[in-house]
Amino acid sequence: MIYFDNSATTQPDESVLESFIAANLRFYANPASIHQMGREAEVLLKRSKEQMLELVDNEDGEVVITSGGTEANNLAIHGFAQAYKSRGNHIITTQIEHPSILNACRELEKDGFEVDYLSVDEQGLISLQELESKLKKETILVSIMHVNNEIGTIQPIQQCAELIKRSGRTIFHSDCVQSYGKLSVSMRSLGVDAITISAHKINGLKGSGALFFKNNVKPNAINFGGGQENGLRSGTVSVPNAVSMAKAMRISAEQHERKNYRNWKKKIIDACAEIELVKVVSPDNAAPHIISLAFKSINGEVAINYFQEKGIIISTSSACFSKSKNASHVVEAIDLDKKFKNGVIRISFGNTNTEEEVDTFITVLREFVELIERGK
Ligand SMILES: Cc1ncc(COP(=O)(O)O)c(C=O)c1O
């Protein structure tokens, strides 16, 4: 089986699994307990967090371990909104964020917050002018994803940060779930105050993610209980989750330069240039591991089933929308040509892939198109 759905989730790295098991077997004590075993677990937790903070260039900042990207995004949107609402009630995000940002914002709108959703062009790019025009003194939070999960667009996060910082004390959060391990993610270079990362997208384990933030900002808690994680996330902290996530982050940061994703992507795009029925949806500047293609007047699901029969796993625009009959919010936002809207597929590379697999994909793509053309 060839697995090209790594933006949905990845196969856990064996060494990450081993570290999870080892930490569970040895450091299972509650890190909040004051006995020696608890203190040892606490030391390991602290060390894992230090490693994670170092990997995103936020050494003197904080990290809260969450259950994944969704929870970290909710903590960012609701937590910062609640913490800074005395300064204003305005939030800016984009139309193509992951549902964990969009739906968290929609909930805040019900509570009286005002949210602007920035539009994007046909490449999925926001306009810096539009961002600038929306910033106002009541803007307390801007959240713009680094890499889009459906089409791979990379947003100009550094330029956004410059605009946002010029305008005052607005907090800038970026969802880096799809960029960490594929692009350089340094909070210092990006100029952001907070980022979200999810472990299962980087060969880590499902059930862990993190919100990183600088030491001069702090979200409010969004769940309540024993006050663990400096009051920010109540519940017994899973030391093995922290240990294994730190390991997954380290491995993927080390590996991302070594993979040939850009060349593989070019191969697929070059092959598509010869096929009239296929349009490349991903923009030229997109992240190297995501390629979105669209078939003219063919349903994406038909393609996915055909590829599956040939042993290749790909997805429609994203895992969240794969069961929906409608085009995704991203496909709508980029205003994709009507004839291609329902034919979107996504190929996403990961650590386990090889160039031979890419070649096989291209062969099967040609076969599929031939079959469709013969059937017309
Ligand atoms: C950009 C982006 N943000 C957030 C998430 C949510 O992450 P998780 O699955 O860990 O909740 C995803 C997952 O698909 C994603 O692609």
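Atoms within a ligand are numbered from 1 in the order they appear, just like the ligands themselves.
- Interface of Met145 with ligand 1, defined as ligand atoms under 4.0 Å from a residue heavy atom, comprises 1 (C).
- Counting non-hydrogen atoms of other residues, nucleotides and ligands closer than 6.0 Å to CG of Leu25 gives a total above 12.
- Residue His200 touches ligand 1 through its side chain alone, judged by heavy-atom distances below 4.0 Å.
- Proximity to Gly68 (heavy-atom distance under 4.0 Å) selects the following atoms of ligand 1: 10 (O).
- Electrostatic pairing of Glu114 and Lys134 does not count as a salt bridge here, judged by no charged N lying under 4.0 Å from a carboxylate O.
- The part of Asn149 lying near ligand 1 is the side chain, judged by heavy-atom distances below 4.0 Å.
- With a 4.0 Å cut-off on non-hydrogen atoms, Asn73 touches ligand 1 through its side chain and not its backbone.
- Not a single N or O atom of Glu71, backbone or side chain, sits closer than 3.5 Å to an N or O atom of ligand 1.
- No side-chain N or O of Glu150 forms a donor-acceptor pair with one of Ser292 less than 3.5 Å apart.
- Annotation for Phe27: hydrophobic cluster partners, listed by chain and number, are Leu44, Leu45, Val237, Val239, Val243 (ILVMFWY side-chain heavy atoms under 4.5 Å, direct or chained).
- Of the N or O atoms in Asp175, one or more lie within a sub-3.5 Å distance of an N or O in ligand 1.
- In terms of N/O distances under 3.5 Å, ligand 1 is not approached by Ser100.
- Side-chain contact, Gln36 with Glu40: a donor N or O sits under 3.5 Å from an acceptor N or O.
- Here Phe295 and Phe340 keep their ring centres 6.0 angstrom or further from each other.
- Each of the atoms 8 (P), 10 (O) of ligand 1 lies under 4.0 Å from some heavy atom of Ser198.
- The shortest N or O to N or O distance between Val147 and ligand 1 is not under 3.5 Å.
- Between Val281 and Leu293, the shortest heavy-atom distance links the atoms CG2-C, 3.9 Å.
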